[in-house]
Amino acid sequence: MFKKLLAAFLCLTLLLLSGCSLVKKSKKSDKNKGDEKTSVVEEEPKGINNLTGLEMDVNKQNLRPVAIMINNISVAQPVQTGINKADIIYETEVEGGITRLMAVFKDIASVGQIGTIRSARYPYVDLALAHDAVYFHCGQDNTYCKPHLRDIDDISIDTGTCGGTRISNGLAREHTLYSFGNKLLEGIKGKKIDTTLSSNPSWQNFGKEDENIAFTDVCNKVSVSFSTSYKTVFQYDSTKGKYTRYFGTTLRKDYVTGETVDVKNVFVLMTSVSNYPDGYHRRVELTSGDGYYMVNGTYQKIKWSKGSSTSPLKFTDEAGNTLKVNAGNSWVCLADSRTSQPVIE
């Protein structure tokens, strides 16, 4: 009898131990499942676009910028395209009371059709040099600008060069030259020009991407009269948190996409603009001066300086402290302090 009881006890003990083992395994399995559910997937590292302070593909953050001369004569403004994708746009006087634009792109291959493309002028070469940019244009001022082009990696394009295409837009032939971002990049590589920056300093002292910089004084609208016939206007759109570009009272839109040109930062830099000895082409001093910084419906008076051809623009407040700039794209106006003081509303 005792032997039967002992055998039964041993069997029961084995069953209990087996059950414990199953429970442990089950708990371990549940734990593993829980780990799978709560496991954190590491995000790929983000790069920073040094022209805007915004996040971008880390594999593209060391790309060399591309600067392109854009036709801004009033008749050709309605057929402009691609400039709403630019990271920085510079505007200043050329000859005859008109202005020209230089659009700077960090990742040119991501941009579609761009134009219309026009000829180079001296001050834009200095502005492009400050970004170590590859400089695209269609021809140049042969008296003053052409010798300066030896100082920069420049490509003069026309029909059949670097994707240069004359596209009918209802205007004279001189206002019809376009290209495409991927074609421009192919042209750079074809000419064995380096597409990578040796160093990648931030263009300005950008704040964090989610930081909204604002000042005390209100600026819902700013008008810059480069001449009696050329007035660039920026109207603040609170729904976008950006300034929308107008030519006088006319809203300008992208010729291909119909999008407005909206910028986060507007800089108006006062300087001296005068004629070169030929009495025709315009000299724009790129040394230092007073200025204005518009962002988020507000503005602040600033100081600016540049230095050598390859030096970037430096912005400070009136006390000389480095200016903190909102992350985002920018439009920089260089206007004559004697005739083109901005009107801020």
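Note that the structure is a prediction, hence the values are computed from the model and not measured. All heavy atoms count here, side chains included; hydrogens, waters and symmetry mates do not.
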Polar side-chain atom of W331 near backbone of K264 as donor-acceptor pair, under 3.5 Å: no
Trace of the side chain to side chain donor-acceptor pair (under 3.5 Å) decision for N169 with H175: CA-CA 8 Å; N169 56 19; H175 306 308; over 6 Å; no
Pair D126 + K306: basic N to acidic O under 4.0 Å: no
Same cluster (ILVMFWY, side-chain, under 4.5 Å), I157 and I193: yes
Derivation of the side-chain contact (heavy atoms from CB on, under 4.5 Å) call for L149 and H137: CA-CA 11 Å; L149 290 172; H137 54 98; 3.9 Å; yes
From CA spacing to verdict: side-chain contact (heavy atoms from CB on, under 4.5 Å), D317, Q300: CA-CA 8 Å; D317 62 21; Q300 177 172 296; 3.3 Å; yes
Evaluation steps, side chain to side chain donor-acceptor pair (under 3.5 Å), between T92 and R100: CA-CA 6 Å; T92 194; R100 192 155 292 171; over 6 Å; no
Side-chain heavy-atom pair L63, L197 within 4.5 angstrom cut-off: no
Test item: S223 and K221 side chains (from C-beta on) under 4.5 Å apart, heavy atoms: yes
Short side-chain donor-acceptor distance under 3.5 Å, S227 and E93: no
Main-chain N/O of D107 paired to S110 side chain as donor or acceptor, under 3.5 Å: yes
Check: I108 and I68 side chains under 4.5 Å, non-hydrogen atoms: yes
Interatomic distance, L129 atom CG to S308 atom OG [nearest 0.5 angstrom]: 9.0 Å
Stepwise side-chain contact (heavy atoms from CB on, under 4.5 Å) check, V261 with T244: CA-CA 6 Å; V261 180; T244 300; over 6 Å; no
Donor-acceptor contact present, side-chain K106 to main-chain N50, <3.5 Å: no
Side chain to side chain donor-acceptor pair (under 3.5 Å) between N296 and K242, intermediate numbers included: CA-CA 7 Å; N296 291 321; K242 293 185 175 184; over 6 Å; no
Donor on one side chain, acceptor on other, D237 and T239, under 3.5 Å: yes
Side chain to side chain, Q235 and Y243, heavy atoms closer than 4.5 Å: no
Minimum heavy-atom distance between A86 and N329, given as atom pair plus value: O-CB, 3.8 Å
Basic-acidic side-chain contact under 4.0 Å: R338, D336: yes
side-chain hydrogen bond (donor to acceptor under 3.5 Å, both in side chains) partner of T260, chosen from K240, K253, R245, R252: K240
Donor-acceptor contact present, side-chain S156 to main-chain G139, <3.5 Å: yes
Working for ring pair (Phe, Tyr, Trp, His ring centres under 6.0 Å), residues F267 and F315: CA-CA 10 Å; F267 296 94; F315 301 136; 4.4 Å; yes
Euclidean distance, S330 OG relative to F206 CZ, rounded to 0.5 Å: 5.5 Å
Cluster overlap V233 with M294, hydrophobic side-chain contacts below 4.5 Å: no
Exam field: side chain N265 to backbone N326, donor-acceptor pair closer than 3.5 Å: yes
Derivation and outcome, side chain to side chain donor-acceptor pair (under 3.5 Å), residues N220 and E345: CA-CA 6 Å; N220 288 316; E345 302 174 37; over 6 Å; no
Presence of salt bridge, D194 and R64, under 4.0 angstrom: no
Donor on one side chain, acceptor on other, T99 and N72, under 3.5 Å: yes
Cluster link Y246 to I344, ILVMFWY, side chain under 4.5 Å: no
Nearest-0.5 Å distance that lies between atom CD in Q77 and atom CD1 in I98: 10.0 Å
Test salt bridge (charged side-chain N to carboxylate O under 4.0 Å, His left out) applied to E95 and R121, R283, R282, R118, the passing residue: R121
Hydrophobic cluster identity match, I48 and F105, side-chain contacts under 4.5 Å: no
E318 side chain reached by I302 side chain, heavy atoms, under 4.5 Å: no
Ion pair K301/D217, N-O distance below 4.0 Å: no
Sidechain-backbone polar pair: Q80 side chain, T116 backbone, donor-acceptor under 3.5 Å: no
Y135 ring center within less than 6.0 Å of Y124 ring center: no
Rounded distance [0.5 Å steps], CG in L334 versus CG in L269: 5.0 Å
Polar contact flag, side-chain donor to acceptor under 3.5 angstrom, T287-E285: no
Same apolar cluster: Y178 and V75, side chain cutoff 4.5 Å: yes
Polar contact flag, side-chain donor to acceptor under 3.5 angstrom, H281-N275: no
K183 NZ: over 12 foreign heavy atoms closer than 6.0 Å: no
Partner residues of H148 under the ring pair (Phe, Tyr, Trp, His ring centres under 6.0 Å) criterion, sequence neighbours left out: Y122
Pairwise side-chain contact, Y292 with V222, heavy-atom cut-off 4.5 Å (strictly under): no
Exercise: identify the closest heavy-atom pair between S179 and G164: OG-N, 3.9 Å
Nearest-0.5 Å distance that lies between atom CD1 in I70 and atom CD1 in I83: 7.0 Å
Check: I167 main-chain N/O paired with T165 side-chain donor or acceptor under 3.5 Å: no
side-chain contact (heavy atoms from CB on, under 4.5 Å) between T143 and Y276, worked out: CA-CA 10 Å; T143 305; Y276 277 109; over 6 Å; no
Atom of A335, atom of F226 and distance for their closest heavy-atom approach: CB-CE2, 4.1 Å
N/O donor-acceptor pair under 3.5 Å between N49 side chain and G53 backbone: no
Within-4.5 Å side-chain heavy-atom neighbours: W304 and T271: yes
Separation between CG of L313 and CG of L127, rounded to the nearest 0.5 Å: 6.5 Å
Any side-chain heavy-atom pair of T298 and Y236 under 4.5 Å: no
Polar side-chain atom of T81 near backbone of D254 as donor-acceptor pair, under 3.5 Å: no
Heavy-atom closest contact (A327 atom, L54 atom, distance): CB-CD2, 3.8 Å
